[in-house]
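For reference, the structure is listed below as structure tokens.
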Amino acid sequence: MAPATHLEQRMREEGGYPAVAHSCQPATDILARVGDKWSVLVVMLLGNGSKRFNEMRRLIGGISQRMLTLTLRGLERDGLVTRTVFPTVPPRVDYALTDLGRSLLPPISALGQWAFGHRAQIEAARLAYDAKNEAGLDGLA
């Protein structure tokens with residue numbers, strides 16, 4: 001039997017998953033933000049320099065105006081993005097990564113490289129899983 005992981009040990013000591021989940025809530029909230037597909041795309045895009053809202057909307061295919069607005073507000077609230085309004089007519093608004101936001105680029109890039117490097121293995125696993133389940137061999141009730 002494999003030794004208990006740190007998480008398993010904490011779960012035993014603190015009374016199970018609900019207690020651990022509660023103590024992990026701050027990290028969970030942050031990971032939900034930085035792991036969101038739109039947030040990842042915005043952070044990667046802003047890693048190349050500041051952008052205007054409509055420029056980002058054009059570059060990120062499939063994102064609605066509302067979703068981009070919500071994503072940028074969340075990233076700004078978390079201190080990852082700054083919003084600068086220039087007093088021109090019409091007003092110009094630029095978005096840029098903060099130092100904290102730039103510190104997120106290496107882990108996001110590493111995860112993207114891992115996903116790209118393992119895509120064939122993952123696709124093969126998905127095909128095998130789907131074939132097994134379609135044949136009724138999944139063993140689940």
Side-chain angles (χ1 to χ4, degrees), residues 2-141:
T5 64
H6 177 68
L7 178 60
E8 289 172 317
Q9 187 64 36
R10 277 192 62 204
M11 289 172 76
R12 288 188 185 106
E13 292 169 0
E14 296 183 29
Y17 176 75
V20 173
H22 178 73
S23 70
C24 293
Q25 191 61 47
T28 301
D29 291 343
I30 293 166
L31 290 172
R33 164 79 59 226
V34 301
D36 168 85
K37 79 173 183 177
W38 299 122
S39 295
V40 167
L41 290 171
V42 167
V43 168
M44 291 303 292
L45 189 60
L46 292 176
N48 295 324
S50 67
K51 302 278 185 285
R52 295 172 79 172
F53 183 91
N54 285 328
E55 181 182 9
M56 283 188 284
R57 189 159 173 227
R58 277 191 307 275
L59 291 169
I60 302 173
I63 192 168
S64 68
Q65 181 173 336
R66 175 171 161 64
M67 184 52 66
L68 181 54
T69 298
L70 292 173
T71 300
L72 287 166
R73 281 184 189 158
L75 291 169
E76 184 179 7
R77 180 175 182 249
D78 290 346
L80 302 171
V81 167
T82 59
R83 179 179 185 269
T84 305
V85 179
F86 296 93
T88 60
V89 178
R92 179 178 147 198
V93 181
D94 282 359
Y95 294 89
L97 291 178
T98 62
D99 288 341
L100 183 61
R102 279 188 292 281
S103 74
L104 188 55
L105 288 169
I108 286 177
S109 295
L111 187 57
Q113 288 173 359
W114 178 88
F116 188 78
H118 293 88
R119 69 189 185 288
Q121 291 170 277
I122 291 169
E123 183 59 29
R126 288 176 178 172
L127 291 171
Y129 178 90
D130 292 346
K132 185 172 104 177
N133 285 326
E134 288 172 9
L137 302 174
D138 61 0
L140 299 175

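Heavy-atom basis, side chains included; hydrogens, waters and symmetry copies ignored. The model shown is predicted, which means the values in this text are computed figures rather than measured ones.
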For the pair M56 and L46, evaluate side-chain contact (heavy atoms from CB on, under 4.5 Å) and give the outcome as yes or no after the intermediate values.
CA-CA 9 Å; M56 283 188 284; L46 292 176; 3.9 Å; yes
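Considering all non-hydrogen atoms of both residues, D94 and S50 come closest at OD2-OG, 4.1 Å. Contact detail for S64 and R57: the closest heavy-atom pair is C-NE, 4.0 Å. When all heavy atoms are compared, the tightest approach of L97 to R102 is O-NH1, 2.7 Å. Taking all atoms of both residues into account, the shortest heavy-atom contact from P91 to V85 is CB-CG1, 4.4 Å.
To the nearest 0.5 Å, atoms CZ (R52) and OG1 (T84) are separated by 12.5 Å. Note: L104 CG to D99 CG = 13.0 Å, rounded to the nearest 0.5 Å. For the atom pair E55 CD and I60 CD1, the distance stands at 10.5 Å (nearest 0.5 Å).
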Identify all side-chain donor-acceptor contacts of residues 68-78 below 3.5 Å with residues at least two apart in sequence or on another chain.
unit_1: T69; atom_1: OG1; unit_2: Q65; atom_2: O; d: 2.9
unit_1: T71; atom_1: OG1; unit_2: M67; atom_2: O; d: 2.8
unit_1: D78; atom_1: OD2; unit_2: R33; atom_2: NE; d: 2.9

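The neighbour count for F86 CZ, taken as heavy atoms of other residues, nucleotides or ligands under 6.0 Å away, is above 12.
In this structure, R126 forms no cation-pi arrangement with Y129, as its terminal cationic atom is not both closer than 6.0 Å to the ring centre and no more than 45° off the ring axis.
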